[in-house]
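This structure is in structure tokens; I'll ask about it shortly.
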Amino acid sequence: MKVATWNVNSLRVRLPHVLQWLAAAQPDIVAIQETKVVDGQFPSEEIAASGYQAVFSGQKTYNGVAILSKSAAADVVTDIPHLDDPQRRILAATVGDLRVVNLYVVNGSEVGSDKYAYKLDWLAKVTAWLQEQAAQYQKLIVLGDFNIAPEDRDVHDPAAWAGKILCSEPERAALSALQAIGLSDVFRQFEQPDKSFSWWDYRAGGFRRNLGLRIDLILASNMMADSCSSCIVDREPRTWEKPSDHAPVVAEFVG
DNA sequence: ATGGTCGCCTCGCGA
């Protein structure tokens with residue numbers, strides 16, 4: 001089974017890329033972030049024509065998450081306890097016997113800002129809820145755009161980014177606390193090329209110069225982590241014309 | 001080089 005996460009930065013703009021990538025990569029499940037489309041305008045028909053069902057939680061202009069899957073998704077959750085939030089960043093669904101939680105974590109803008117405080121509060125509330133999900137589902141994958149680079153090796157220039165948004169200690173501590181539920185970053189179960197990133201700023205030739213961060217993660221419960229056979233960043237769609245600023249991250253699970 | 005580029009019911013903001 002192939003499971004992927006991809007921040008597409010507008011599903012309407014990126015739909016041709018998504019369809020091209022689905023046809024080539026044939027993932028079983030894809031978590032998409034930053035759809036930036038309201039539910040009434042979600043391109044369900046085009047996606048269905050490619051052989052995928054979709055569940056989604058969208059809003060105008062910002063955020064928005066979706067799960068595309070070859071088989072049906074059930075038990076969809078878009079809102080969690082103690083987080084009364086109009087921002088559409090959370091989408092959980094069960095596909096087969098796998099619980100999938102798609103997260104578009106708050107960016108946070110700047111360390112110390114109101115948005116940064118919202119990010120840390122959001123992560124604490126999501127972590128408390130994930131603890132319940134983990135108790136309920138042995139086969140659990142939590143994936144998405146975490147907007148946190150877990151370690152310095154996930155950052156092209158750790159010195160320049162030290163203490164900055166996406167790399168600050170409180171953010172990394174919040175990610176560690178989330179993972180302490182029993183969720184491992186399957187990318188690091190395998191040998192990886194140095195300077196493996198999943199996001200590159202559009203500005204200043206970020207991708208061409210590989211000035212990126214690894215902020216798109218696939219976290220798996222113990223049972224799923226044990227069955228993970230590979231995890232890679234697929235840089236190819238980032239080379240296409242008018243790309244998303246993120247590349248898909250893809251994990252394979254056996255059994 | 002304190003810049004650069006995307007996307008949005010687009011001219012200012014969020015990423």
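Proteins get letters first, then strands, A, B, ... in listed order; numbering begins at 1 in each.
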Item to complete: Please state the P separation for the pair B:dG7 and B:dT2 - nearest whole angstrom.
Response: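 Roughly 26 Å separates the two P atoms.
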
Worksheet item: Rounded to the nearest Å, what distance is computed from the CG atom of residue A:Asn7 to the P atom of nucleotide B:dG14?
Response: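 Taking CG of A:Asn7 and P of B:dG14, I get 17 Å after rounding.
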
Practice prompt. Whole angstrom is fine here: how far is it from CG in A:Asp201 over to C1' in B:dT2?
Written response: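 The distance from CG of A:Asp201 to C1' of B:dT2 comes to 14 Å, rounded to the nearest Å.
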
Discussion item. Check whether A:Ser57 reaches the backbone of A:Arg89 with its side chain - one donor and one acceptor, N or O, closer than 3.5 Å.
Written reply: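 The answer is no, because no donor-acceptor pair under 3.5 Å joins these two groups.
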
Worksheet item: With rounding to whole Å, what would you report as the distance between B:dC6 and B:dC11 at their C1' atoms?
Response: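 Taking atom C1' in both B:dC6 and B:dC11, they lie 15 Å apart.
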
Fill in: C1' gap between B:dC9 and B:dG3, integer Å
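30 Å, rounded to whole Å.
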
Item to complete: Let me know the distance between CD of A:Glu171 and C1' of B:dA15, rounded to the nearest Å.
Response: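 Going from A:Glu171 (CD) to B:dA15 (C1'), I get 14 Å.
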
Discussion item. Quick check against the 3.5 Å criterion: does A:Tyr104 have a side-chain atom that pairs as donor or acceptor with the backbone of A:Arg88?
Written reply: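 Between the backbone of A:Arg88 and the side chain of A:Tyr104 there is no qualifying donor-acceptor contact (under 3.5 Å).
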
Worksheet item: Within the structure shown, what part of the strands sits under 4.0 Å from A:Tyr104 by heavy-atom distance: base, sugar-phosphate, or nothing?
Response: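 Result for A:Tyr104 = sugar-phosphate.
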
Worksheet item: Mapping A:Asp245 and A:Ala204 to their closest nucleotides on DNA chain B, which lands nearer the 5' end?
Response: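 Comparing both residues, the 5'-ward one is A:Ala204.
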
Worksheet item: Are A:Tyr137 and A:Asp75 close enough that a side-chain donor and a side-chain acceptor fall under 3.5 Å?
Response: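 Short answer, no.
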
Item to complete: Take the protein atom CD of A:Gln59 and the nucleotide atom P of B:dG14, then report the distance between them rounded to whole Å.
Response: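 Result: 13 Å.
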
Discussion item. On DNA chain B, compare the nucleotides closest to A:Gln87 and A:Arg203; which residue's is nearer the 5' end?
Written reply: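 Going by which nucleotide is closer to the 5' end, it is A:Arg203.
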
Worksheet item: Going by atom types alone, do A:Trp199 and A:Asp145 pair a side-chain donor with an acceptor below 3.5 Å?
Response: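 No, no side-chain donor-acceptor contact under 3.5 Å.
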
Worksheet item: Checking all strands, does A:Arg208 fall into the base, sugar-phosphate, or nothing category for heavy-atom contacts under 4.0 angstrom?
Response: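 Here A:Arg208 touches no strand at all.
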
Worksheet item: Rounding to a whole Å, what distance do you find between A:Ile148:CD1 and B:dA15:P?
Response: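 It is 14 Å, rounded to the nearest whole Å.
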
Worksheet item: Judged by modelled atom types alone, do A:Gln138 and A:Ser221 share a side-chain donor-acceptor pair under 3.5 Å?
Response: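 No.
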
Item to complete: Calculate the interatomic distance between A:Arg209 atom CZ and B:dA1 atom P; express it in whole Å.
Response: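 Rounded to the whole Å, the gap is 12 Å.
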
Fill in: Atom P, compared across B:dG12 and B:dA1: separation rounded to whole Å
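Those two atoms are separated by 30 Å.
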
At a cut-off of 3.5 Å, list every protein nitrogen or oxygen paired with a nitrogen or oxygen from nucleotides 6-8 of chain B, distance to 0.1 Å.
unit_1	atom_1	unit_2	atom_2	d
B:dG7	OP1	A:Arg14	NH1	3.0
B:dG7	OP1	A:Arg14	NH2	3.1
B:dG7	OP2	A:Lys242	NZ	2.7
B:dG7	O3'	A:Ser10	OG	3.4
B:dC8	OP1	A:Ser10	OG	2.4
B:dC8	O3'	A:Thr61	OG1	3.3

Worksheet item: Rounding to a whole Å, what distance do you find between A:Trp199:CH2 and B:dT5:P?
Response: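 Taking CH2 of A:Trp199 and P of B:dT5, I get 15 Å after rounding.
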
Worksheet item: With no hydrogens and no angle check, is any side-chain donor or acceptor of A:Arg12 less than 3.5 Å from a backbone partner on A:Lys36?
Response: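 Judged by distance alone, yes, a pair lies under 3.5 Å.
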
Worksheet entry | Whole-Å distance separating the CG atom of A:Asp145 from the P atom of B:dA15 |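 Taking atom P of B:dA15 as the reference, CG of A:Asp145 is at 10 Å.
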
Fill in: Check: A:Tyr52 main-chain N/O paired with A:Ser50 side-chain donor or acceptor under 3.5 Å
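Such a contact is absent between A:Ser50 side chain and A:Tyr52 backbone.
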
